[in-house]
Amino acid sequence: MRSPNDLELVRLTKRYGDTVAVDSINHLFAPASYVCLLGPSGCGKSTTLRMIAGHEAISEGAIVLEGKEIGHLPPAQRGTAMMFQSYALFPHLSVKDNVAFSLKMKGIDKATRIRKAMELLELVAMAHLADRMPAQLSGGQQQRVALARALITEPRVLLLDEPLSALDPFLRIRMRAELKRLQRELEITFIHVTHGQDEALALADEVVVMNNAVIEQAGPPRDVWSRPRTEFVARFMGGHNVVTVDGIRYAIRSDAVRLGPEGIPATTTGVEYQGDRVAVTAMTGSDEEVVALLPEEAFFNAPLNPGDAIHLGWEQRWLHPLHA
Ligand code: ADP
């Protein structure tokens, strides 16, 4: 269903001289959803985000929010807000004043803006540190402040550019749960740029995979992961092999590949212990590399070493045809 607070990109294009950074993309974002823009470095994710935010001029196309074309409005008038990777907090302002800053710019009186800033700091569990300076905060705390500062403008869409990349792996997993909780609580759309597949799968209601300046595939994480449309998506999302059977290219999940007495002859080329599973890499006679993910118990009942001859098999139903 089309709702008035949908965000829509219409033939959105960005050129830098001869480089096409974003090539006429179309996308309708579901209202109040958590969307991850995913793709390798240089595919156009940040440029897309910056165009939505208004930090980058668009070359062609339109950005429509709540039925209104916002593509040429200044950032503060769009109904969007952006949280930067570097957080970009003002070092000379306290936490509270950082969060209240945009309200000050709008000429809102001090009592109101401080009350509002404290509400937002409450939301991100940072009210107790409201009088600290940014340099006195950890990375995770700075990020919460940056979030509060972006949210104080009551955006319809929050744009996050690699928001977790500066955090250590442990904190990253904690913060991503926080982000998801916030998005659910606020019931607004979050568009989160990442190059991490795990992050996108864990967070998103919708994953939008970009490659070479275009959207390669978009959908719920489970659809994109388990039914990749193209070889690029299959390889980029991971957990799949790409195999050729009777001249047709298929994706097959690594955990659906079986080793047995019959099947396609192959030679083991690598064994990687992953804790709950063991990844066995093998080269087939037709020089295709296939990874089989085996439950660790199954592997250790019949351990393999590089050089061992094996047979690879799978049920037909796991073969998923790919488009060129
Ligand atoms: P991503 O965020 O997916 O890593 P970007 O959107 O940053 O990709 O970049 C997409 C393409 O546009 C790349 O080829 C990049 O080199 C180019 N690009 C990005 N910003 C600029 C710029 N300011 N000037 C020239 N080229 C740029």
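Values in this document were obtained by computation on a predicted structure and should not be read as measured data. As the structure lists them, so they are numbered: ligands from 1, and atoms in each ligand from 1.
Between Phe232 and Phe236, the ring planes lie parallel to each other; the angle is under 30°, not in the 30° to 60° tilted range. Using the six-membered ring where Trp is involved, Tyr273 and Phe300 have ring planes that are perpendicular, over 60° apart on the 30 and 60° scheme.
The pair Glu66-Arg156 counts as a salt bridge, with a side-chain nitrogen and a carboxylate oxygen less than 4.0 angstrom apart. Between Lys104 and Asp109, none of the side-chain N atoms (NZ, or NE/NH1/NH2) sits under 4.0 Å from a carboxylate O, so this pair counts as no salt bridge. With salt bridges taken as basic N to acidic carboxylate O contacts below 4.0 Å, one links Asp205 and Arg184. Between Arg144 and Glu178, at least one side-chain N (NZ, or NE/NH1/NH2) sits under 4.0 Å from a carboxylate O, which counts as a salt bridge.
Those atoms of ligand 1 that come under 4.0 Å of a heavy atom in Cys43, given as number and element, are 1 (P), 3 (O), 8 (O). Of all the atoms in ligand 1, the ones that sit under 4.0 Å from a non-hydrogen atom of Pro40 are 3 (O).
What sits closest to atom 1 (P) of ligand 1 on the protein, heavy atoms only, is Gly42 N, 3.4 Å. Nearest to atom 19 (C) of ligand 1 among the protein's heavy atoms is Tyr16 CE1, 3.5 Å. Atom 9 (O) of ligand 1 has its closest protein heavy atom at Thr47 OG1, 3.7 Å. The closest protein non-hydrogen atom to atom 7 (O) of ligand 1 is Ser46 CB, 3.9 Å. If you check which protein heavy atom lies closest to atom 8 (O) of ligand 1, you get Gly44 N, 3.2 Å.
Between Thr281 and Val271 the shortest side-chain heavy-atom distance does not fall below 4.5 Å. The shortest side-chain heavy-atom distance between Pro321 and Arg249 does not fall under the 4.5 Å cut-off.
Annotation: cation-pi pair Arg113/Phe101 absent, no NZ/CZ under 6.0 Å from the ring centroid and within 45° of its normal.
Backbone and side-chain nitrogen or oxygen atoms of Ala21 are examined, and none is located within less than 3.5 angstrom of a nitrogen or oxygen of ligand 1. For ligand 1, the polar-atom distance check against Thr19 finds no nitrogen or oxygen pair separated by under 3.5 Å.
Heavy atoms of Arg50 approach ligand 1 to within less than 4.0 angstrom. Using a 4.0 Å cutoff on heavy atoms, Gly39 does not count as a contact of ligand 1.
Distance check for atom 12 (O) of ligand 1: a protein heavy atom is found below 4.0 Å. Inside a 4.0 Å radius of atom 22 (C) of ligand 1 there is at least one protein heavy atom.
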